[in-house]
Amino acid sequence: KTAYEMRISDWSSDVCSSDLFPSHDTGTLVNNGHNRVENCLIKDFYFYGIYSYQNDANEFIGNDIRRDGRTVVSTFYGIYMTGNNPGALVMNNRIHSSNDVSTSTSTAAHGIYAGNAFQWQQSYFVNNIIYDLNTTSGAVFGIYTTGNRNNFFNNSIVLDNPTAISGATYGFYSTTADTSLFLNNIIHINRAGSGSKYAYYFSAVDHQHLMDYNLIYNNSTNFNYCYDASRTATYANKTAFRATFPLYEANSDTLNPVFAAPGSGSFIPTSFLVDDMGTTGSGTALYSTDFVGTLRSTSTPDVGAYEFDPPTIDVAAVSIVSPVSGICAGPSPVMVRIYNSGLDTLNTVSIEWYLNGVAQTTMNFTGLGLASGDSTNLSLGSLTISAGLPYLIAFNTDNPNGITDVLNANDTIVGSTIYSSMIGNYTIDTTSAASTTNYRTIQSFVADLNTRGVCGPVNVDIVAGTGPYSSEVTINHFAGS
């Protein structure tokens, strides 16, 4: 025996995926307190990755907790700490992949569920990375806390799922009113679907959480910065939130961190705009290293799980300027907007572009003089848009200032498939062949209208004597309307 009642290190708990334990609920169950679970792979559990009930001084450090190989599942809890769990240290864990192959698409997913701590024995959650909570239509909670005196420092909470259909999304959800600290964290929300999204959600009245020096980035619909039960109010953005709560989030920001390689689980920020924005106050300096053991700055640490240095030379593709939806058939300029995401002035860059997956002539630009943090449009020539044909455009940046671009996460931008927009006169006539100007059903005309949009006046004539036409259609808000 040591100071720990139980110590589990470098252990693979994948028995939950075995046919011997088809209904096993929990990957790792700890009791009695003073336990350490460290550097373990805990996977394919039914409910809980790590389950702790009424324990003090537990340490869960450096574990990989995931459910990427189990089809029959229930609610996902990466780390579940219920009841009183004072004095806990939950640090450097990677919690992800809640529903990779699950046949259930509506189960909720929680990265960390934190119970109660005490003023004299507080708990700390530091440098954890939470991502790919990929339930399709269930609610998603990055961190869910029901207790007091839980402190959250330098966690990276990435709630991005482009295939989500519904289900609410919460970066930090609290049901308690007592004091907790939420500092130096990243909440990144880019989840699809109709569900509401919240960076913060406080269901208790008169909460006293201190939130500051956080990076809250959203690129999803139905987003709100915060819901607060004290005023039964929802705040759409940081400005609205701080107008009511001026003491909170004074040093937080809403910029895009531009992760290095999120598709491969690397959530290192690369944008110089978010460099060195953390604090060493309120106990954060007690944890001097990041997720991979790099020493943090003693004066201006970074937010999130990683300490990082932005690239000196880097360029990003920001948006497709042209062609886009709403364009008429005929010649169209080909233009992309780029952004200097490095520290040095950007003078030269190569732009590769693709039309329907086929590489076009690479264009090399010189003499740009684009300052750090600035953006500009670049023209790559023109393209003739023909009626009725699909066009999918993609751009890729390379060779900034003549060197190989080593940061590729922000290089490529792919548009949506577009068609030439409608303009002029059309008919609906079942006695004539379908063409670029004649439709045989009302549904097919409206489908094209919704997809292609308009670039000028459109007149449609339902030719007399060619019906009857019996159909129900919905005309959406389309390009050019």
Side-chain angles (χ1 to χ4, degrees), residues 127 129 131 153-158 160 183-190 199 212-219 238 249-281 284 289-292 294-319 336-351 365 367-378 395-413:
N127 293 342
I129 304 175
Y131 63 101
F153 302 153
N154 288 101
N155 300 284
S156 293
I157 304 166
V158 184
D160 297 354
L183 304 170
N184 292 358
N185 301 284
I186 294 176
I187 296 178
H188 186 287
I189 299 178
N190 189 20
D212 205 356
Y213 296 92
N214 299 301
L215 184 61
I216 310 297
Y217 175 73
N218 170 68
N219 190 35
K238 177 189 169 187
E249 298 284 80
N251 300 285
S252 295
D253 216 321
T254 57
L255 298 166
N256 186 350
V258 190
F259 294 127
S264 58
S266 176
F267 296 99
I268 302 172
T270 63
S271 173
F272 71 91
L273 297 174
V274 303
D275 188 30
D276 297 340
M277 65 171 287
T279 180
T280 58
T284 58
T289 58
D290 74 350
F291 182 80
V292 293
T294 301
L295 285 173
R296 291 199 179 272
S297 168
T298 57
S299 56
T300 54
D302 291 315
V303 297
Y306 293 99
E307 194 75 3
F308 74 98
D309 293 314
T312 302
I313 300 173
D314 187 56
V315 61
V318 177
S319 62
V336 63
R337 189 166 187 82
I338 65 166
Y339 169 78
N340 182 2
S341 47
L343 298 176
D344 289 357
T345 297
L346 181 71
N347 294 307
T348 66
V349 67
S350 299
I351 306 292
F365 297 86
L368 296 175
L370 192 63
S372 177
D374 284 353
S375 57
T376 190
N377 295 340
L378 298 179
F395 294 95
N396 186 75
T397 61
D398 201 3
N399 301 316
N401 287 353
I403 68 170
T404 300
D405 194 339
V406 296
L407 181 61
N408 303 126
N410 58 4
D411 290 347
T412 303
I413 185 166

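Computed over heavy atoms, backbone and side chain alike; hydrogens, waters and symmetry mates excluded. Numbers for residues simply follow the sequence, beginning at 1.
Contact record, D212 with A250: OD1-N, 3.3 Å, taken as the closest heavy-atom pair. D290 and Y306 make their closest contact through OD2-CA, 3.6 Å (heavy atoms, listed as atom of the first residue, atom of the second, distance). Listed here is the closest heavy atom pair of L215 and P257: CD2-CB, 3.7 Å. Residues V303 and Y213 share a closest heavy-atom pair of CG1-O, 3.3 Å. The shortest heavy-atom contact between A199 and I187 is O-CD1, 3.6 Å. When all heavy atoms are compared, the tightest approach of S271 to V258 is CB-CG2, 4.0 Å.
One finds the CZ atom of F395 at 8.5 Å from the CD1 atom of I413 (value rounded to the nearest 0.5 Å). Taking CG of L273 as the reference point, atom OG of S341 lies at 9.0 Å (rounded to 0.5 Å). From T289, atom OG1 reaches atom CZ of F291 across 11.5 Å, with rounding to the nearest 0.5 Å. Remark: F365 CZ to I351 CD1 distance equals 6.0 Å, nearest 0.5 Å. A distance of 9.5 Å separates CG in N214 from CD1 in I186, rounded to the nearest 0.5 Å. Going from atom CG of N127 over to atom CZ of F153 covers 11.0 Å, rounded to the nearest 0.5 Å.
Residue pairs meeting the salt bridge (charged side-chain N to carboxylate O under 4.0 Å, His left out) criterion with at least one partner in residues 295-309, sequence neighbours excluded, are R296-E307.
Proximity of a side-chain donor or acceptor of D160 to a complementary backbone N or O of N190 within less than 3.5 Å is detected. Between the side chain of N340 and the main chain of G373, no donor-acceptor pair closer than 3.5 Å is present. Listed for the S372 side chain is a donor-acceptor partner under 3.5 Å among the backbone atoms of G342. Not a single donor-acceptor pair under 3.5 Å links the side chain of K238 to the backbone N or O of I216. The backbone N or O of N154 lies less than 3.5 Å from a partner atom in the side chain of N185, making a donor-acceptor pair. Between the S156 side chain and the A305 main chain, a donor and an acceptor come within less than 3.5 Å of each other. No donor-acceptor distance shorter than 3.5 angstrom exists from the side chain of N347 to the backbone of N401, with no hydrogens or angles considered.
Remark: the D314 side chain and the N410 side chain contain an N/O donor-acceptor pair separated by less than 3.5 Å. S350 and D398 share no donor-acceptor pair across their side chains, judged by distance under 3.5 Å alone.
Remark: F259 pairs with H188, F267 by the ring pair (Phe, Tyr, Trp, His ring centres under 6.0 Å) rule, at least two apart or across chains. Every side chain to side chain donor-acceptor pair (under 3.5 Å) that N396 has, sequence neighbours left out, goes to E352, T412. Under the side chain to side chain donor-acceptor pair (under 3.5 Å) criterion, N377 pairs with R337, sequence neighbours left out. By the side chain to side chain donor-acceptor pair (under 3.5 Å) test, T254 pairs with no residue at all, sequence neighbours left out. Applying the side chain to side chain donor-acceptor pair (under 3.5 Å) test to T312 and every residue at least two apart in sequence or in another chain returns nothing.
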* To do: Tell me, with the steps shown, if V274 and F308 meet side chain to side chain contact (heavy atoms under 4.5 Å, CB included).
  => CA-CA 10 Å; V274 303; F308 74 98; 3.9 Å; yes
* To do: Report the C-alpha distance between T376 and I338 in whole Å, list the side-chain angles of each, state the deciding distance to 0.1 Å, and finish with yes or no for side chain to side chain contact (heavy atoms under 4.5 Å, CB included).
  => CA-CA 6 Å; T376 190; I338 65 166; 3.9 Å; yes
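With a 4.5 Å cut-off on side-chain heavy atoms, L368 and L378 count as touching. For the pair N251 and T279, the minimum side-chain heavy-atom distance is 4.5 Å or more.
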